[in-house]
Amino acid sequence: MTHDSTAIVTGGGRGIGQAISVELAAHGFDVVLADIDEAAMEETVDLIEAEGQTGRPLHTDLGDIESVESSIEEAIDVAGSIEVLVNNAGIAGPTAPCEDVDTDEWEQTMAVNLTGPFAMCRALLPHMKDVGYGRIVNIASVTGKRPLVNRTPYATSKLGLIGLTRTLAAEVGSHDINVNAVCPGSVDGPRIRRVFEKQAEASEQTYEQVRSEVEAESPRGELVQREDVADLVAFLCSEQATRITGQDINVSAGKVMY
Ligand SMILES: NC(=O)c1ccc[n+]([C@@H]2O[C@H](COP(=O)([O-])OP(=O)(O)OC[C@H]3O[C@@H](n4cnc5c(N)ncnc54)[C@H](O)[C@@H]3O)[C@@H](O)[C@H]2O)c1
């Protein structure tokens, strides 16, 4: 399904979500952006329009179930039909040893990274079942599959998203609704560069030393680009991927192989 179709991308304003939105537009999708950042969404709308498709910003807070539900209602109302959902928005959560993690921060990380995607799926599934078609892609992470010390809330939420992916895929496959997870490794961009700068400061290393240590974890010796993630998402939403469902696929330049 590549023409006259609409996709919803959460967190489509910036970063990986912006790249996914633009790639889906390049594949003929109109895109509804569900994000809290209005200015960022405007920038992505321009990029979607440059691909000749319609972009619609829809203020949505993934941490608030009512906000999610009213956005899905509005999106179906405006677009008529929604074929694709990409649950991309996510937050890093706190960095602290488990015993120091604050309950509010734990719950906020779960709310945005796990309950939000669940609520998006729950609200959209009756519509997808009516249409008899749907493609859902959850952006998880290699974190969770492999440990990341001092990040228990994030790692737990991302592995939880893979659990949601598998069971939902089993529940809805007979309706021609596929559910997959994409698990990025470290994606190059401003966010990861800030993380490297902080690590360099904390460990009295240079930025280049920190970055090359992370790059060396990949057999290819490199980070992932956000377009690599976007390409896989677009493929999973294409006809070529009809018989791929319930999978969690790494885009980590080989850093994680399971
Ligand atoms: N960047 C990486 O290295 C990396 C690696 C693995 C997985 N991921 C995952 O990929 C996804 C995107 O990451 P990114 O690096 O592009 O992040 P980012 O911080 O650059 O962008 C996140 C987007 O989500 C939006 N957002 C944040 N909280 C929201 C909320 N409550 N409701 C709605 N929108 C909200 C932001 O406004 C922003 O547009 C996340 O789920 C992240 O966990 C990222």
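Remember, it's 1-based here, ligands and their atoms both numbered in the order they're listed. The figures that follow rest on heavy atoms only: side chains count, while hydrogens, waters and symmetry mates do not.
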Walk me through whether Ser67 and Asp61 qualify under side-chain hydrogen bond (donor to acceptor under 3.5 Å, both in side chains). CA-CA 6 Å; Ser67 168; Asp61 181 358; over 6 Å; no
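Each of Gly11, Gly13, Arg14, Gly15, Ile16, Asp35, Ile36, Asp37, Thr60, Asp61, Leu62, Gly63, Asn88, Ala89, Gly90, Ile91, Val112, Ile139, Ala140, Ser141, Tyr154, Lys158, Pro184, Gly185, Ser186, Val187, Arg191 has a non-hydrogen atom positioned under 4.0 Å from some atom of ligand 1.
Side-chain contact of Gln205 with Glu213: a donor-acceptor pair under 3.5 Å is present, judged by distance alone. There is a side-chain donor-acceptor pair under 3.5 Å between Arg226 and Gln18.
With sequence neighbours left out, the side chain to side chain donor-acceptor pair (under 3.5 Å) criterion links Gln53 to Asp30.
Taking a 4.5 Å side-chain heavy-atom cut-off between Ile, Leu, Val, Met, Phe, Trp and Tyr, the cluster of Val172 extends to Ile8, Val32, Leu58, Leu62, Val68, Ile72, Ile76, Ile82, Leu85, Ile91, Val112, Met120, Leu124, Leu125, Met128, Ile136, Leu168, Ile177, Val179.
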Give every donor-acceptor pair under 3.5 Å between a side-chain atom in residues 97-110 and any protein atom, sequence neighbours left out.
{"unit_1": "Asp102", "atom_1": "OD2", "unit_2": "Asp104", "atom_2": "N", "d": "3.2"}
{"unit_1": "Asp102", "atom_1": "OD2", "unit_2": "Glu105", "atom_2": "N", "d": "3.4"}
{"unit_1": "Thr109", "atom_1": "OG1", "unit_2": "Glu105", "atom_2": "O", "d": "2.7"}

